[in-house]
Amino acid sequence: MSKEEFDTLARTRLLAIALEWYNEMQGGEIPFIRLPTRTKANIEYDIESEVWKYGDRESLRAATSEKGALHLLKMAYVIGFIKQQLAENRSSTLRELYYISEGWKRAKFGAQDESNLLIEDLEIITDLQREAFHLRPEEDGATVFGPLRIREKTRRGVREIHCRDDVGEAGYQIPNDVETVEFLEHDAKFVIALETGGMYARLIENGFDEEHQAIVVHLKGQPARSTRRVLHRLNEQFGLPVTVFTDGDPWSYRIFASVAYGAIKSAHISELLATPRAQFIGVQPSDIRDYNLPADDLSDKDVDALKAELSDPRFDSPYWKGQINLQLEMKLKSEQQAFAARGLDFVTKEYLPSRLSEMGILGR
Amino acid sequence: MSLADELARKQRAISIAEFFEKNKHLLGFDSPTRGIITTVKEAVDNALDACEEAEVLPDIFVQVKKISEEVFRVTVEDNGPGIVPAQVPFVFGKLLYGSRFHQIKQSRGQQGIGISAAVLYAQLTTGVPSLVISRTDAKGPATRFELAIKIESNEPEIVSQKEVEWDRTHGTRVEIELRATLAAKKRLVDYLKYTSVVNPHARIRAEIDGEVSTFDRVSHDPIPLPCPIQPHPHGIEIGLLKRMAADSSLTLEGFLVESFSRVGKKAADEIIKKAGLAGSKKVKSLSGEEQKALLAAMQAVNIPAPPTTQCLSPIGEELIRKSLDKEFQLDFVKARTRPPSVYSGHPFVVETAIGYGGRLPSDEKAVILRFANRVPLMYQQGACAITQAIAGVNWRNYGLSQDGLPVGPALILVHVASTNVPFTSESKDAIAAIPEIEKEIDLALKDLGRELKTFLSRRDKQRVQEDRARALCAIIPEIAAKVAEVTGKPVPDTTPIEGRIMHRLVAKKWTSDGTVRIAVRNYTDKEVSPTIYDTSRDPAPDAAPKPEYAHVVEGDYTRVWKTTLKPGEGWEAKYAGAGGGTLDIQGVDEALKLVVDLDV
């Protein structure tokens, strides 16, 4: 689909919402929208696509209450704004949208979260991604290092880049709109995604990518959509196994879950973002025990988060239940860089090769 | 001479007036600030009592005038029955002289000390005799006295007496000059205001140091005169029993049956038996010991409670409500008159009221109004059983915050009426802690507290609904306008939607391009006749339709329209102007109307 066709599609679908409200109001009806309920209780595993999606529960937003009416008013303003942005071929960040709403009087957003959620609502209703509305997130995309050749359509021309030979030590930075990037060829056996910058740099410094033919990706904490999209495409296009290496605490498990199964907030686009076959390397609670890693005590919040994960459908497997229960028993957590206690090479020479063999990614 | 003889020479009966001079605080004259309030209070109490006895509607004039730096003249004039000239000197010039001393019924003054104490106080502080003018009949002249009190003998001293012309056909005027300060002027005005609250049949005009206030009556019926009752055996003391026995020529049995409430032959026999006396014996001839035995027996025998209704004169719920509303303009006011009750043989009745909102301060302690026999209690609030009873209620249950006393825009009135109000001291500032009275106050307050809570929660609910409805009325047209802009279509008419949500009469005012528009639409299912009040700073000579009535006050123009709308019908007006100001709708039930100012 050409850019123009794509813009027209976005415009038509957004205006359809406004038109429906218009017709409702014209007919003396109270305007409303229906959206899937966006909570943990309403995500379901879709067998066909192997990802977690929203279930059947819906919430109704109607102009019968002040809150509902305000929601519709804000949405009407956002639709008006996007329509104009598409017409003028401009784009803006989510943060800019939030500030633009300053001039909308009653329809002004109270917080950034509110405008983000509203854009996600529009994605769900139109079945399009926010890039189609010419909206982009604030945060940077992933950095990638390894035996991978890509072609990026930049505003200043098309560039072909090898993600190890053509870049500095920090790697190649993927743009927010991953659809401008084409993956050309690779010489990798698997992808390894890392939670922290420290571990990303450690792997590059130790030459892990070369030794094991790995594409190394920095997740930067909870991964942005573009990062998850890259992992999804590397897996889908090249059939490369995707592995995830994080800290050993409940928050890091959620990073893995959002890579593998999708996030609750963006369950409507899980099919595009999630990598259901992604595998968790560690740090596993059993690693803390087996490697006797330096560890911290679990805080009350950690314990609550672990318990919440026990009821999260994404963690409903014997493997995760076993690991989480073990951790609740030990009451300990470790960072991935804790392996440094055994020397700087331990993680790349011992832990990862051993763990990846165990997972069947590396042959012995 | 022996020491005893010498002492005996010095010992003498001190007159009551001398006693007063040394114990002014007991009667409310402990300071110049307080003296003036007590003087006004005693004179006004007397005036109200006099009018009540004559069953006329009291018309009372109170004036406090500064004579010199430290001297004030208090004048109180009433339209009561007047006092016959022969009695005037005793009423005003002799302490402990009064007509009500031996009666068992609700009345303001009792001991006959009040007004003569004020005369005495004036005499002691300024030396100026008090002036009294009284007239009992339109046919006769008025008599003017200048009076003082002989301190040693407690006898009146008539400085001058003459017949004078007076414009009142009957009534009494008293002028007392005393050394005082007006530091507590607000308290004095409050006293008169509160007096007016519990005497809804009275009109009081006051001129306090040049400041004029009028407290009008809300009732045009004189209050029914309480009838005296006989003492109840449980409420009698030895002194009164001795006096009654001495005055009686009856046998013991006859005396008990005839002179006491609720004592029949059966109860009399039981008392006599218990006291171990003979019923046929003349009561006059009982010895001191026998009298004591009789008193003990009277109090031990079970006797029905005394009759309560005829000797008490409660104000009544309706009049308390009206009075409070008149003086305080409240959003909520409810009153409760409890059934009469009895403590130690004394009948009493408790009345309470709770007011809320209006102009009462919202973050201060509630205003407490205490009354005993229709007289405001202005001092010693903390020592009073009423205050304790109020503080003892958990007001948080009823929607008020609490810091000892309740806090919030509330007013709490408690009136205790009794044939014998149990004060903590002779200055009659505070009611003593009598469990029966405290319990009645507590019950009445909790009863009203529940009503207050209902009012508050209903008001909050209403407020939430109003806010919601108002927001919707403003937001839905905005959605319509935006959606029309986005789709490039004309703005849809949203009034049917508003009607679906609202089911009320909706009045809107908005201003655009120098035109002010007012639209009223009836979404109820009944015909309504609203009166529309629009105020702004626009003269609006072009207003269409033409208002039925228009006027201007200091640049604020008010226009009034009237219309009648069937269900679904609408009405519109417009004029050139800048808008702003206010819009109000009258003549439609509060719950059925919604006024929205879209310019806000």
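Everything numeric here is computed off the predicted structure, so don't read it as measured data. Residue numbers begin at 1 in each chain, while the letters A, B, ... track the order of the sequences.
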Practice task
Determine which residues belonging to residues 563-574 of chain B lie within contact range of chain A, meaning some heavy atom pair is under 4.5 Å apart, and list them by number or answer 'none'.
Solution key: none
Taking atom [atom1] of [X] and atom [atom2] of [Y], what is their separation to the nearest 0.5 Å?
{"X": "A:L70", "Y": "B:E478", "atom1": "CG", "atom2": "CD", "result": "8.5 Å"}
{"X": "A:Q26", "Y": "B:K489", "atom1": "CD", "atom2": "NZ", "result": "8.0 Å"}
{"X": "A:M25", "Y": "B:I476", "atom1": "CE", "atom2": "CD1", "result": "6.0 Å"}

Closest approach of [X] and [Y], non-hydrogen atoms and distance?
{"X": "B:P490", "Y": "A:Y22", "answer": "O-OH, 2.6 Å"}
{"X": "B:I497", "Y": "A:P31", "answer": "CD1-CD, 4.5 Å"}
{"X": "B:I479", "Y": "A:L73", "answer": "N-CD1, 3.6 Å"}
{"X": "A:A18", "Y": "B:V483", "answer": "O-CG1, 3.1 Å"}

Is it true that atom [atom1] of [X] has more than 12 heavy atoms of other residues, nucleotides or ligands lying nearer than 6.0 Å?
{"X": "B:K453", "atom1": "NZ", "value": "no"}
{"X": "A:D300", "atom1": "CG", "value": "no"}
{"X": "A:R11", "atom1": "CZ", "value": "no"}
{"X": "A:R95", "atom1": "CZ", "value": "yes"}

Handout entry: chain B contact residues among residues 74-86 of chain A, heavy-atom distance under 4.5 Å
Key = A:A76, A:Y77, A:I79, A:G80, A:K83
